[in-house]
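Comments concern the structure below.
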Amino acid sequence: MNSSYSIQILCLVLTLLVYFLNKKLYRRWHILPLMPLVFTPVIMVIFVLVTKISWQNYSGESHWLVWLLGPATVAFAVPVYENIPMIRRHWLSISGGVVTAVLIAVTTSVWLARLFELPENIQRSLAVRSVTTPFALAAVKSFNGIPDLAAFFVVLTGVFGVAVGDILFIRLSIRHGTAKGAGFGGASHGAGTARSWELGAEEGVVASLVMMFAGVCMVLSAPVLQFILF
């Protein structure tokens, strides 16, 4: 028991250490492969495979990191309070991002999964891929999906959105900050919001608002969407 607990603590400390070192690397070399959302999980997966540590031991104390996603997401209510005038001015961009994340992303994900004849549990898990992790894990229960798969699809969606987002904005001649923020927040949630803050305060605020509103709407509408789609 003591040995198992020591391994769990070691994994937690190592995860935090790799993450903070990764952030320093990303600040110095701002390239997608070094993005903490990508590089840190890869390093930890390699570590677990090489050391043959069980998933139960790795996640034993690291589950607190997952729990912290909830308070971190709630903290996004601060931009809502501080930027009510901006919400009134740009309600159309924000609403468009929310509708895109909740309706279009859900339906296209499920329909494409069916087109490729993927198993139903994967279809249900894919349905929540466009909202940030805490909301996705809550909503996937209504879809009767697999939480671990849902979390994986959320991360994959965020990374892919950041990778192609800037290129798409150039191709589509989208230059307005609020439109970029709404796009990143609606399609790439946490990763997209982080990228939006790098572009500017306006983009970051709008992305934060869209991400949070989309998550709330997803959780509230999940039972109805599940009934319609499945």
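- At a threshold of 4.5 Å between side-chain heavy atoms, the hydrophobic network of Ile, Leu, Val, Met, Phe, Trp and Tyr places I167 and F169 in two separate groups.
- F213 and F184 end up in different hydrophobic clusters when Ile, Leu, Val, Met, Phe, Trp and Tyr side chains are linked at under 4.5 Å.
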*Going through the checks in order, is the side chain to side chain contact (heavy atoms under 4.5 Å, CB included) test met by I122 and L149?*
CA-CA 7 Å; I122 293 182; L149 269 181; 4.1 Å; yes
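- Although no hydrogens or angles enter the test, the distance criterion places a donor-acceptor pair under 3.5 Å between the side chain of S125 and the main chain of I146.
- A salt bridge links D166 and R195; the closest N-O separation between the charged side-chain nitrogens and carboxylate oxygens is under 4.0 Å.
- For the pair V13 and I9, the minimum side-chain heavy-atom distance is below 4.5 Å.
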Listed pairs under 3.5 Å, donor-acceptor, residues 153-164 side chains, sequence neighbours left out:
from: T157; atom 1: OG1; to: F153; atom 2: O; distance (Å): 2.8

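- At most 12 non-hydrogen atoms from other residues, nucleotides or ligands lie less than 6.0 angstrom from CD of E117.
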Mind listing the side-chain donor-acceptor pairs of residues 14-24 below 3.5 Å, one per line with the distance, residues two or more places apart or on another chain?
from: T15; atom 1: OG1; to: C11; atom 2: O; distance (Å): 2.7
from: T15; atom 1: OG1; to: Y58; atom 2: OH; distance (Å): 2.8
from: N22; atom 1: OD1; to: T40; atom 2: N; distance (Å): 3.1
from: N22; atom 1: OD1; to: T40; atom 2: OG1; distance (Å): 2.7
from: N22; atom 1: ND2; to: L34; atom 2: O; distance (Å): 2.8

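- Within the 3.5 Å criterion, the main-chain N or O of R129 finds a donor-acceptor partner in the side chain of H189.
- Residues F47 and I53 have side chains in contact (heavy-atom distance under 4.5 Å, counting atoms from C-beta outward).
- Annotation: cation-pi pair R124/F230 present, NZ/CZ under 6.0 Å from the ring centroid and within 45° of its normal.
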